[in-house]
Amino acid sequence: MKLLPYNQEGYQLLHDGSLCFSLMEQNGIRMDVAHLKHEYKNIGKEIQEKENEINVLKEIKIWKEKYKSKFNLDSDAQLADILFNELKHEAIKLTDTGNPSVDQEALKALNSPFANLILRYRKLFKIRNTYLKGLIKETYNEYLHPSINVHTTRTYRSSANSPNIQNQPTRDPEAGEVIRKAFIPREGNYLVCADYGGIEVKMACVMHQDPTMLKYLRNPTTADMHSDFACLLFKMDDIDQSIKGEKTLRAGTKNSFTFPQFYGDYYGNNAIGLWKWMGLTSKKINPKEGVKIRDDITIAQHLINNGIRNYKQFENNVKLIEEDMWKRRFPVYKQWRENQYKTYLKKGFVTTLSGFVCQGLMDKNATINYPIQGLAFHCLLWSCIQLTNKILKQRKMKTKLIFQVHDEIVADVPQEEYDDYLELLKETMVHDLLKHWSFINMPLELEVDRSELNGNWFETETVLHYIH
DNA sequence: GGAACTCGCCAC
DNA sequence: AAACGTGGCGAGTTCC
């Protein structure tokens with residue numbers, strides 16, 4: 001895969017972007033080394049405890065008898081052999097190469113003390129060996145200087161290594177706390193995290209200009225795409241996000257239907273995901289199971305009341321909503337997708353609006369997704385460059401950009417510069433970008449989270465939600 | 001002893 | 001007819 005600027009603008013973006021990121025690398029991230037070392041020991045003890053608990057189980061006896069001195073708790077191949085050959089469990093899923101899988105989903109399905117302990121052990125092992133170990137290794141004089149690359153991805157996104165600053169845990173609260181508490185601002189500073197809301201969906205829309213999607217994106221306070229699809233999928237009149245179960249259904253729709261559909265997924269996978277989000281554990285529908293919606297009834301009971309009595313019928317509804325989505329709601333978007341692929345077949349490449357060529361062997365999804373991901377990231381890259389220029393040249397501020405995660409910029413900001421920096425973010429990431437790329441014909445959203453003064457990356461609060 | 005592979009899992 | 005996009009990395013494993 002060759003990376004290739006399409007025009008002068010593309011070239012300049014990578015040139016300035018490289019310089020900007022190189023400065024970020026120099027700035028570095030302040031780390032709480034004592035915390036890292038303390039947690040490394042702490043988690044180590046927990047790992048040892050789990051090992052001890054696992055070691056007395058009957059499954060381990062069988063495992064050790066078979067593998068003798070080669071016994072290795074960290075070997076997935078051995079684990080699969082014991083579970084599926086020796087203990088005759090049924091494999092519920094296979095790996096890419098056709099072997100029985102022992103990933104999280106497969107082990108959860110076994111629902112045994114042994115499988116659950118392995119999962120717990122793995123999680124702790126990951127926190128210690130991938131994250132804590134990597135952070136300790138790469139921290140010099142209390143600062144971390146991750147490498148940021150702009151030349152490694154087919155999509156023209158960035159990547160990061162040593163360590164990968166772009167995949168630090170956050171969704172799992174336990175891992176998030178252990179790791180993100182180690183990231184701290186300089187003395188007297190805040191960590192300020194600014195991210196674009198829905199930038200990929202917006203950049204897709206910039207290209208396809210589907211009128212229905214435009215309407216959603218131009219009316220963010222009154223229209224909500226994910227709620228609308230949730231209503232169709234679950235046969236509800238509306239979604240009340242103040243009800244916990246209904247909020248979950250909306251989140252499930254977003255994560256298991258809308259976004260995967262945009263990436264090129266289909267109803268079959270979506271239905272499996274949605275079933276889990278509802279809290280249903282087997283393909284046989286159980287009216288007592290599932291999240292509670294309004295009037296305190298389960299989603300399973302609600303579906304039954306509305307004529308969906310089994311998984312197959314639910315999957316069929318997802319199929320109907322998929323058709324509705326592309327044929328009736330977003331026909332222009334659908335046509336644009338077809339045209340992307342046709343263009344590629346004819347010319348051998350597609351381009352991004354930021355000035356790059358996507359070429360090489362691509363399947364249909366790639367011709368659709370690469371230009372979207374690239375352009376979305378280039379919104380952030382452009383903002384990083386402008387922010388850096390303003391901070392250094394125009395304002396001579398002490399604020400430092402320290403890293404970036406695709407659609408989020410993290411800065412280390414002195415208390416006295418905080419108000420100015422917040423204004424700079426709004427001006428640059430929203431107003432200036434809209435002027436710079438006038439093809440962006442919809443509002444942009446900016447969310448800013450801030451740590452406490454002398455706080456850390458784990459304990460942050462939202463200080464701004466800006467739409468313009 | 002290192003390269004290349006598999007698997008699993010973290011992020012957007 | 002088939003069916004989810006982009007990365008990095010630790011550990012195990014296989015091969016040379």
Side-chain angles (χ1 to χ4, degrees), chain A residues 1 67 70-81 93-107 118-119 121-135 137-138 146-172 174-176 178-180 193 195-201 203-204 255-273 318-319 322 337 340 358 362-377 380 403-409:
Chain A
M1 170 72 191
Y67 282 91
K70 290 201 166 159
F71 165 80
N72 184 347
L73 192 54
D74 302 322
S75 166
D76 292 336
Q78 290 183 17
L79 176 60
D81 182 38
K93 63 184 287 197
L94 303 178
T95 67
D96 286 343
T97 53
N99 300 318
S101 170
V102 289
D103 71 2
Q104 205 175 54
E105 188 191 350
L107 292 191
I118 296 270
L119 284 172
Y121 168 84
R122 262 194 204 160
K123 180 173 153 180
L124 294 167
F125 197 85
K126 175 97 175 164
I127 293 175
R128 185 187 65 172
N129 286 35
T130 300
Y131 292 103
L132 291 171
K133 207 190 238 186
L135 292 171
K137 180 181 164 204
E138 299 291 348
S147 294
I148 313 281
N149 319 298
V150 294
H151 66 287
T152 58
T153 72
R154 286 173 286 184
T155 57
Y156 296 94
R157 266 190 178 183
S158 64
S159 71
N161 62 276
S162 306
N164 181 357
I165 193 62
Q166 296 179 322
N167 76 344
Q168 301 300 312
T170 183
R171 290 175 204 170
D172 179 292
E174 187 187 11
V178 170
I179 300 304
R180 292 196 174 215
C193 317
D195 75 283
Y196 278 119
I199 194 72
E200 276 193 18
V201 174
M203 291 310 107
N255 293 314
S256 286
F257 181 77
T258 326
F259 284 163
Q261 280 286 337
F262 290 160
Y263 282 136
D265 202 4
Y266 86 117
Y267 69 87
N269 288 336
N270 300 154
I272 295 168
V318 180
K319 184 182 178 187
E322 179 192 274
R337 294 165 66 103
Q340 277 296 105
C358 301
M362 291 188 274
D363 62 16
K364 185 180 173 186
N365 286 340
T367 65
I368 292 159
N369 290 324
Y370 291 6
I372 297 172
Q373 282 195 357
L375 180 59
F377 170 67
L380 191 90
F403 62 96
Q404 149 279 131
V405 191
H406 307 303
D407 64 357
E408 174 184 20
I409 301 170

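Letters A, B, ... are given to chains in the order of the sequence lines, protein chains preceding strands, and every chain is numbered from 1.
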Under 4.0 Å, heavy atoms only, any strand: does [X] hit a base, just the sugar-phosphate, or nothing?
X: A:Ala175; result: nothing
X: A:Glu408; result: nothing
X: A:Asp265; result: base
X: A:Glu200; result: nothing
X: A:Lys123; result: nothing
X: A:Ser158; result: nothing
X: A:Arg122; result: sugar-phosphate
X: A:Gly264; result: sugar-phosphate
X: A:Phe377; result: nothing

Which one, [options], comes nearest to the side chain of [X]?
X: A:Asn149; options: C:dG8, B:dC12, C:dG5; value: C:dG8
X: A:Arg157; options: C:dG5, C:dC4, C:dG8; value: C:dG5
X: A:Asn164; options: C:dG7, C:dA11, B:dG8; value: C:dG7
X: A:Asn167; options: B:dC7, B:dA11, C:dG10; value: B:dA11
X: A:Asn365; options: C:dG5, B:dG8, C:dT6; value: C:dG5
X: A:Asn129; options: C:dC4, C:dG7, C:dG10; value: C:dG10
X: A:Pro260; options: B:dC7, B:dC9, C:dC4; value: C:dC4
X: A:Tyr266; options: B:dG8, C:dT6, C:dA3; value: C:dA3
X: A:Tyr131; options: B:dC10, C:dG8, C:dG5; value: B:dC10
X: A:Ser75; options: C:dC9, B:dC10, C:dG12; value: C:dG12

Side-chain-base donor-acceptor pair under 3.5 Å for A:Gln166 and C:dG7: no
Quiz item: A:Lys126 side-chain donor-acceptor pair to B:dC9 base, under 3.5 Å: yes
Please report the distance, rounded to the nearest Å, between [atom1] in [X] and [atom2] in [N].
X: A:Phe262; N: C:dA3; atom1: CZ; atom2: C1'; value: 17 Å
X: A:Tyr156; N: C:dT6; atom1: OH; atom2: P; value: 14 Å
X: A:Phe259; N: C:dA3; atom1: CZ; atom2: P; value: 24 Å
X: A:Ile165; N: B:dC12; atom1: CD1; atom2: P; value: 12 Å
X: A:Asp96; N: B:dG8; atom1: CG; atom2: P; value: 9 Å
X: A:Tyr263; N: C:dG7; atom1: OH; atom2: P; value: 12 Å
X: A:Gln373; N: C:dG5; atom1: CD; atom2: C1'; value: 5 Å
X: A:Leu135; N: B:dC10; atom1: CG; atom2: P; value: 15 Å

Side chains of [X] and [Y] only: does a donor on one sit below 3.5 Å from an acceptor on the other?
X: A:Asp74; Y: A:Tyr121; result: yes
X: A:Thr153; Y: A:Gln373; result: no
X: A:Ser256; Y: A:Asn270; result: no
X: A:Gln340; Y: A:Tyr370; result: no
X: A:Asn369; Y: A:Asn365; result: no

Phosphate OP1/OP2 of B:dG8: any A:Ser101 side-chain N/O under 4.0 Å: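 Yes.
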Distance below 4.0 Å between A:Ser159 side-chain N/O and C:dG8 OP1 or OP2: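 So the side chain of A:Ser159 is within the cut-off, an N or O lying under 4.0 Å from OP1 or OP2 of C:dG8.
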CA sep, side-chain torsions, deciding dist, call: A:Ile165, A:Ile148, side-chain contact (heavy atoms from CB on, under 4.5 Å): CA-CA 9 Å; A:Ile165 193 62; A:Ile148 313 281; 4.0 Å; yes
Check: A:Pro169 main-chain N/O paired with A:Arg180 side-chain donor or acceptor under 3.5 Å: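 Judged by distance alone, yes, a pair lies under 3.5 Å.
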